[in-house]
**Q** 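Handing you this structure, nothing more for now.
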Amino acid sequence: MGSYGTSIDRKWQQKWADSKLYSFNRDKVGKKLYCLEMFSYPSGNKLHLGHWWNYGLTDSWARMKRMQGFEVFEPMGFDAFGLPAENYAIKTGIHPKDSTMSNIETMERQLSEMGAMFDWDYEIITCLPDYYKWTQWLFLKLYESGLAYRKEAPVNWCPSCNTVLANEQVVSGACERCDTEVTKKDLTQWFFKITEYADELLEKLDDINWPEKTKIMQRNWIGKSVGAELTFKVADSNREFTVFTTRADTLLGATYVVLAPEHELVDEITVPEQRQQVSEYQDFARKQSEIDRLSTTKEKTGVFTGAYAEHPVTADKLPIWIADYVLASYGTGAVMAVPGHDTRDHEFATKFDMPVPRVVKAAGTDVDDAIPFVEYGILVNSGQFDGLTSDEGKKAIVEFLAEKGMGKFRTNYRLRDWLVSRQRYWGAPIPVVHCEGCGIVPIPEKDLPVELPYNVEFAPDGKSPLAKSEEFMQTTCPHCGGPAQRDPDTLDTFVCSSWYYLRYPDPKNSEQPFDSEWINQMLPVDMYVGGPEHAVMHLLYARFITKALRDAGYLRFDEPFTNLVHQGIILGPDGMRMSKSRGNVISPDPYVNEHGSDVLRLYLQFGFNYTEGGPWNDDGVKATARFVDRVERMVERLGELKAEGSGHSNMASAEKDVNYVRHYAIKGITEDGERFQFNTVISRLMELVNALYRYDNEQESKNVSFMEDVVADLLRLMAPYAPHFSEEMWERMGYEYSVFNQEWPVHDPAALVKDVVELAVQVNGRVRDKIEVSSTASEEEIKQAALTAKNILPYLEGVSVKKIVVIPKRLVNIVVG
RNA sequence: GCCGAAGUGGCGGAAUGGCAGACGCACUUGACUCAAAAUCAAGCGUGGUUUCCACGUGUCGGUUCGAGUCCGACCUUCGGCACCA
């Protein structure tokens, strides 16, 4: 057994700390590389393998960058507000602050044992007043910019617990605590106007180096659609409503209209005889989740209101229905139904026995094809618009209505404004007061933070916990000095995490959230690494906040994260997501204690694909422990050989072979490490070690100084991936501290040129023989060698050669027929 | 349901459209050992008539001299769906 283990981990962790090896040198900001890992949420009491997977492996990437000459900034902190701590408090009576701070302490210890380059001088914890003071400041800036506003919005409501539920707490339509059926309730809540930035959020995706799939998801989430808003009058009434449509060309095919069950007009227009049915249907819709409502396979439902709308062109009477497939939150909450040309409308009309006229036909056909026909084509049965193409028709119809003030072109987004109010305790208080005389009054910046009181009642009883704290609620109006009440809600924790990357480089600043001059040098983040579960929401919110602060004059860059990588997810051994309730959470501690931190790190790197993850299985941990021992034995062996003092100094073919593997490894490790492909990095290290062993075993007389050069390169290459161990070996080789101050090796292309290369020879795509040719052979020489290869000749008898494809250094394919 | 991915030996996983299975695990055999462990060496996709041949990357079809890789349809699993973070 080798000597590597936790005592070597401790030794180097201590030395790194004492020598401040990883302290960020502000004078070198010109060479800065801001490497950020999504910070941890301290809900469980311990770090699990998923954290290691994210932080440990990204740290290896950052270490390589450091050796390549970058001044690496790699901070760590905690996203400490949130629902789980509050639920835990309701269950156990332990205060969220106490449980959170104690979890953080444990996690800090475990993170130190990982041996990452975190500079703890820059730690941030979002639930502490010196951080959330600035989260509140952010709210005020958005408010000043007109980007924060209040409106009514529904929340999940449990009538039995009398409380607001998170989506997570609703289990198949029922409250997770008491199993009562969950309904919706409207509350006035704060929103951030992210939709104002919809276009920029869409366009600037082109400028950032993110996984393409993430960009696609964001594009789809924003969901830009270009269309028109058309106005319909309610018959025999002075009321009217607008619909959003991308297919104004099909307007003449509209046979009815549908309002969302929540649409404000529904109660006003419903005729008495339909009232009961309508209100029952509204209840039904209220209990459904949005995902259910958007299902395209479930049977369509809906109810007639008894009222009619006037068709804006023909003045025909169109029945007004309500149906759950129309959402209040998208477009105008109302649609014109064109069953001949829309799949959902078609299903609905068929079910309720309504006519299905056709107003668009495929260009160049007389016979109509599928119904509904959802493609573009030529307008028919559309009166004055007949014969126009769909594109021309859209334009003509909207312009025709626009003249009458009943239509306009309009772009609509699927993206909705960001609801930031939470009726919970464990979050940053919203920094406004409600004054009877002055209305909503923001707290002046100098009075921040609005501190979260420690003593409150968490029990769910229909009120925000803060609303029950008199001491917190009663205050004076900063404007008129009269009595006022604080806002009892707290901010969504996504607000805390939407700007933390701006605080990290300047975390102790008590005058401002950050020094703009400094932050404009340190940002944007050069590499951001976190889970794919954050592909849309967190990343979109952070991008929005960056843009909002830029426009408020605090930042000079447009995008917060230049490069992004998503690590995959390490599942429990059962293939399910690790969770306390499933009892499949794997702790890194036993592995660290038994084998040392680096063995776990190496195994995670070697055993999985970083962007895919997979179920945990520790069968291979022993293998990486063995690899580490193998390297240690090679270092010892080299010591013996040096002591013997024998050997030679030639670079003969045996040395050249080792040198090839060495430079192949340097090239591969540099390239694969760069793109987070750690499993092949470790493979290349193993191949290099295997080559050294083969050389040592097979060569009677060895070139010891050459071997030492190779081992030195091996340790440099291995250092990012096994930092404690490599540092120890580096010291044992008698080299100067620290291996992390060494320059990253660069491969020599000449060492990778082979004199003779082997080519596969195929006949009609099947490998039939192999030939060896000089690496400088011409295409003609290669063809001749292939055509005369021993095993090829039988395949050429009685057929003619039609074509020969030569792929240099790979293969020759002889096509015969 | 919608959006986005992924499916390769007994297992983890490699493969700029170019010899599928690198590197490991497990297993088998040999060396060393009184023995075991450790270590070292060799073998290891399936089938067959075994210097060779056929088959083989979720399923079916297509493009190509050549497809794990590109295209179309489908199946399964995973991530997200706006109050878990």
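Letters A, B, ... mirror the listed sequences (proteins, then strands); counts begin at 1. Keep in mind the model is a prediction, meaning the values are calculated, not measured.
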**Q** What about the rings of A:Phe608 and A:Tyr610, do their centers lie closer together than 6.0 Å?
**A**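 No, they do not, as the ring centres are separated by 6.0 Å or more.
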**Q** Give one of base, sugar-phosphate or nothing for A:Asn813, where a contact means two heavy atoms less than 4.0 Å apart.
**A**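 The answer is base, as A:Asn813 lies within the cut-off (heavy atoms under 4.0 Å) of a base atom.
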**Q** Salt-bridged, A:Lys298 to A:Glu347, with N to O below 4.0 Å?
**A**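 Salt bridge between A:Lys298 and A:Glu347, a charged N being under 4.0 Å from a carboxylate O: no.
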**Q** Which part of the nucleic acid, if any, lies within reach of A:Gly82 when heavy atoms closer than 4.0 Å are counted: base, sugar-phosphate only, or nothing?
**A**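 Sugar-phosphate, backbone atoms only, no base.
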**Q** State whether A:Asn167 places a side-chain N or O below 4.0 Å from either non-bridging phosphate oxygen (OP1 or OP2) of B:C81.
**A**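 No, A:Asn167 has no side-chain N/O under 4.0 Å of OP1/OP2 on B:C81.
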**Q** Applying salt bridge (charged side-chain N to carboxylate O under 4.0 Å, His left out) to A:Glu640 and A:Arg637, what does each step give before you reach the verdict?
**A** CA-CA 5 Å; A:Glu640 286 169 22; A:Arg637 173 74 181 139; 3.2 Å; yes
**Q** Applying a 4.0 Å non-hydrogen cut-off, can you work out what A:Gly223 is touching in the nucleic acid: base, sugar-phosphate, or nothing?
**A**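 If one applies the 4.0 Å heavy-atom cut-off, A:Gly223 turns out to touch nothing in the nucleic acid.
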**Q** Quick one: look up who B:U57 pairs with, Watson-Crick or G-U, both distances under 3.5 Å, and put none if it's unpaired.
**A**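 Paired with no nucleotide.
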**Q** Would you please confirm or rule out a distance under 4.0 Å between OP1 or OP2 of B:C40 and any side-chain N or O of A:Arg694?
**A**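 Result: no.
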**Q** Identify the residue among A:Met76, A:Lys46, A:His51 that makes a side chain to side chain contact (heavy atoms under 4.5 Å, CB included) with A:Met107.
**A**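 Per the side chain to side chain contact (heavy atoms under 4.5 Å, CB included) rule, the option paired with A:Met107 is A:His51, out of A:Met76, A:Lys46, A:His51.
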**Q** Side chain of A:Met686 only, please: which of B:C23, B:C25, B:A85 is the nearest?
**A**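 Among the listed nucleotides, the one closest to the side chain of A:Met686 is B:C23.
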**Q** A:Tyr693 or A:Glu212: which one's nearest nucleotide on RNA chain B is closer to the 5' end?
**A**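 Taking each residue's closest nucleotide, the earlier one in sequence belongs to A:Glu212.
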**Q** Identify whether any heavy atom of A:His566 sits under 4.0 Å from a base atom; if not, whether one sits that close to sugar-phosphate; answer base, sugar-phosphate or nothing.
**A**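 Result for A:His566 = nothing.
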**Q** Given side chains that start at C-beta, do those of A:Tyr500 and A:Tyr131 come closer than 4.5 Å, heavy atoms only?
**A**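 Heavy-atom side-chain distance check passes, below 4.5 Å.
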**Q** Determine the interplanar angle of the A:Trp418 and A:Phe192 rings, folded into 0 to 90°, and report it as parallel if under 30°, tilted if 30 to 60°, perpendicular if over 60°.
**A**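 If you compare the ring of A:Trp418 with that of A:Phe192, the planes turn out perpendicular.
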**Q** Expressed in angstrom and rounded to an integer, what is the separation of A:Lys790 atom NZ from B:U51 atom C1'?
**A**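 Rounded to whole Å, this separation is 8 Å.
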**Q** Which of the following nucleotides, B:A5, B:C19, B:C83, is nearest to the side chain of A:Ala166?
**A**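 The answer is B:C83, which lies nearest to the side chain.
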**Q** Does the pair A:Asn220 and A:Arg414 meet the rule for a side-chain hydrogen bond (donor to acceptor under 3.5 Å, both in side chains), with working shown?
**A** CA-CA 8 Å; A:Asn220 291 340; A:Arg414 204 186 76 97; over 6 Å; no
**Q** Establish, with yes or no, whether the OP1 or OP2 oxygen of B:C83 is under 4.0 angstrom from a side-chain nitrogen or oxygen of A:Arg422.
**A**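 True: A:Arg422 side-chain N/O within range (under 4.0 Å) of B:C83 OP1/OP2.
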**Q** Over how many whole Å does the gap from A:Asp324 atom CG to B:G1 atom P extend?
**A**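 Computing the A:Asp324:CG to B:G1:P distance gives 17 Å.
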**Q** Whom does B:G7 pair with, Watson-Crick or G-U wobble, provided both distances fall under 3.5 Å?
**A**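 Its partner is B:C75.
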**Q** Indicate, with a heavy-atom threshold strictly under 4.0 Å, whether A:Val164 touches base, sugar-phosphate, or nothing.
**A**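 If one applies the 4.0 Å heavy-atom cut-off, A:Val164 turns out to touch a base.
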**Q** Would you classify A:Ser329 as touching base, sugar-phosphate or nothing, given that sugar-phosphate means primed atoms plus P, OP1 and OP2, and contacts are heavy atoms under 4.0 Å?
**A**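 If one applies the 4.0 Å heavy-atom cut-off, A:Ser329 turns out to touch nothing in the nucleic acid.
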**Q** Under the 3.5 angstrom rule, does the side chain of A:Gln189 hit a backbone N or O of A:Ala153 as a donor-acceptor pair?
**A**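 Yes.
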**Q** In whole angstroms, how far is the P atom of B:C84 from the NE2 atom of A:His538?
**A**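 A:His538 atom NE2 is separated from B:C84 atom P by 16 Å.
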**Q** Please tell me which of the listed nucleotides, B:C84, B:C19, B:A82, lies nearest to the side chain of A:Leu83?
**A**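 Per side-chain heavy atoms of A:Leu83, the pick is B:C84.
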**Q** Is the phosphate of B:G1 approached by A:Arg344 (side-chain N or O, under 4.0 Å from OP1 or OP2)?
**A**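 No, no such contact exists.
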**Q** Does A:Tyr664 put a side-chain nitrogen or oxygen below 4.0 Å from OP1 or OP2 of B:A22?
**A**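 So the side chain of A:Tyr664 is outside the cut-off, no N or O lying under 4.0 Å from OP1 or OP2 of B:A22.
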**Q** Output the rounded distance in Å from CG (A:Leu685) to C1' (B:C23).
**A**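 About 11 Å, once rounded to whole Å.
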**Q** Return the nearest nucleotide to the side chain of A:Val815; candidates are B:G79, B:C84, B:C65.
**A**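 Output: B:C65.
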**Q** Counting side-chain heavy atoms from CB outward, which of B:A82, B:G18, B:C83 is closest to A:Val805?
**A**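 Looking only at heavy atoms from C-beta outward on A:Val805, the closest nucleotide is B:G18.
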**Q** With both distances under 3.5 Å as the test, what is the Watson-Crick or G-U wobble partner of B:A15?
**A**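 Answer to the pairing question: none, since B:A15 forms no Watson-Crick or G-U pair.
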**Q** Provide, to the nearest angstrom, the distance between the CD1 atom belonging to A:Ile569 and the P atom belonging to B:A85.
**A**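 From A:Ile569 CD1 to B:A85 P: 16 Å.
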**Q** Would you indicate, yes or no, if B:G4 has its OP1 or OP2 atom less than 4.0 angstrom from a side-chain nitrogen or oxygen of A:Asn220?
**A**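 Checking B:G4 against A:Asn220, a side-chain N or O does come within under 4.0 Å of OP1 or OP2.
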**Q** With distance as the sole criterion, is a donor-acceptor pair present between the side chains of A:Tyr41 and A:Asn103 under 3.5 Å?
**A**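 Result is no, nothing qualifies.
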**Q** A:Leu415 near the nucleic acid: base, sugar-phosphate alone, or nothing, with a heavy-atom cut-off under 4.0 Å?
**A**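 Base, at least one base heavy atom under 4.0 Å.
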**Q** Which is true for A:Gln762 with a 4.0 Å heavy-atom rule: it touches a base, it touches only sugar-phosphate, or it touches nothing?
**A**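 Base: the residue A:Gln762, judged by heavy atoms under 4.0 Å, touches a nucleobase.
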**Q** Report yes or no: is there a donor-acceptor pair, N or O only, under 3.5 Å between the side chain of A:Asp619 and the base of B:C25?
**A**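 No.
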**Q** Looking for any heavy atom pair under 4.0 Å, which part of the strands does A:Lys298 touch: base, sugar-phosphate only, or nothing?
**A**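 Contact class for A:Lys298: none.
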**Q** Picking from B:G4, B:C65, B:G18, which would you name as closest to the side chain of A:Arg810?
**A**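 Per side-chain heavy atoms of A:Arg810, the pick is B:G18.
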**Q** Within the 4.0 Å heavy-atom criterion, would you say A:Tyr500 contacts the bases, only the backbone, or no part of the nucleic acid?
**A**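 No contact.
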**Q** Under a 3.5 Å cut-off for both contacts, is B:C44 paired Watson-Crick or G-U wobble with anything, and if yes, with which nucleotide?
**A**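 For B:C44, the partner nucleotide comes out as none, under the 3.5 Å rule.
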**Q** Touch check for A:Asn697, heavy atoms < 4.0 angstrom, all strands: base, sugar-phosphate only, or nothing?
**A**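 Sugar-phosphate only.
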**Q** Reckon A:Ala623 touches a base, only the sugar-phosphate, or nothing at all at heavy-atom distances under 4.0 Å?
**A**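 Sugar-phosphate only.
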**Q** Does A:Leu187 or A:Arg766 map to a spot on RNA chain B nearer the 5' end, using the closest nucleotide for each?
**A**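 This one resolves to A:Arg766.
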**Q** OP1 or OP2 of B:C40 less than 4.0 angstrom from a side-chain nitrogen or oxygen of A:Arg633, does that happen here?
**A**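 So the side-chain polar atoms of A:Arg633 do come within 4.0 Å of the phosphate oxygens OP1 or OP2 of B:C40, strictly under.
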**Q** So for A:Gln423 and B:C83, does any side-chain atom that can act as donor or acceptor lie under 3.5 Å from a complementary atom in the base?
**A**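 Yes.
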**Q** Do A:Lys622 and B:C25 share a donor-acceptor pair, side chain to base, under 3.5 Å?
**A**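 Check fails, no donor-acceptor contact within cut-off.
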**Q** With hydrogens left out and only the distance checked, is there a donor-acceptor pair under 3.5 Å joining A:Gln189's side chain and the base of B:C83?
**A**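 Counting by modelled atom types and ignoring angles, a donor-acceptor contact under 3.5 Å is found here.
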**Q** Across the strands shown, which category fits A:Ser683 at heavy-atom distances under 4.0 angstrom: base, sugar-phosphate, nothing?
**A**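 Base contact - A:Ser683 has a heavy atom under 4.0 Å of at least one base atom.
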**Q** Take atom CG of A:Leu571 and atom C1' of B:A6, then tell me their distance rounded to the nearest Å.
**A**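 The distance from CG of A:Leu571 to C1' of B:A6 comes to 12 Å, rounded to the nearest Å.
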**Q** Over how many whole Å does the gap from A:Ile669 atom CD1 to B:A22 atom C1' extend?
**A**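 Distance, rounded to whole Å: 14 Å.
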**Q** Quick one: A:Leu759 CG to B:G18 P, roughly how many Å, whole number?
**A**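 That distance rounds to 15 Å.
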**Q** What does B:C84 pair with, Watson-Crick or G-U, if both distances are under 3.5 Å?
**A**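 Its partner is none (no Watson-Crick or G-U wobble pair with both distances under 3.5 Å).
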**Q** Just to confirm, is there a sub-4.0 Å distance from OP1 or OP2 of B:G80 to any side-chain nitrogen or oxygen of A:Arg577?
**A**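 Yes, such a contact exists.
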**Q** Between B:A82, B:C84, B:A85, spot the one nearest the side chain of A:Thr493, thanks.
**A**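 My answer, after comparing the listed nucleotides, is B:A85.
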**Q** A:Arg626 side chain N/O closer than 4.0 Å to the phosphate oxygens (OP1, OP2) of B:U39?
**A**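 It does, given that an N or O in the side chain of A:Arg626 lies less than 4.0 Å from OP1 or OP2 of B:U39.
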**Q** Establish, with yes or no, whether the OP1 or OP2 oxygen of B:A15 is under 4.0 angstrom from a side-chain nitrogen or oxygen of A:Gln677.
**A**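 Yes, within the criterion.
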**Q** For A:Val761, report the nucleic acid contact type (base, sugar-phosphate, nothing); a contact means any heavy atom under 4.0 Å.
**A**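 No contact at all - A:Val761 keeps every heavy atom at 4.0 Å or more from the nucleic acid.
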**Q** Centroid-to-centroid, A:Phe627 to A:Phe606, below 6.0 Å?
**A**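 Here the rings of A:Phe606 and A:Phe627 have centres that are no less than 6.0 Å from each other.
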**Q** Side chain of A:Met537 only, please: which of B:C19, B:C52, B:C81 is the nearest?
**A**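 The closest nucleotide is B:C81.
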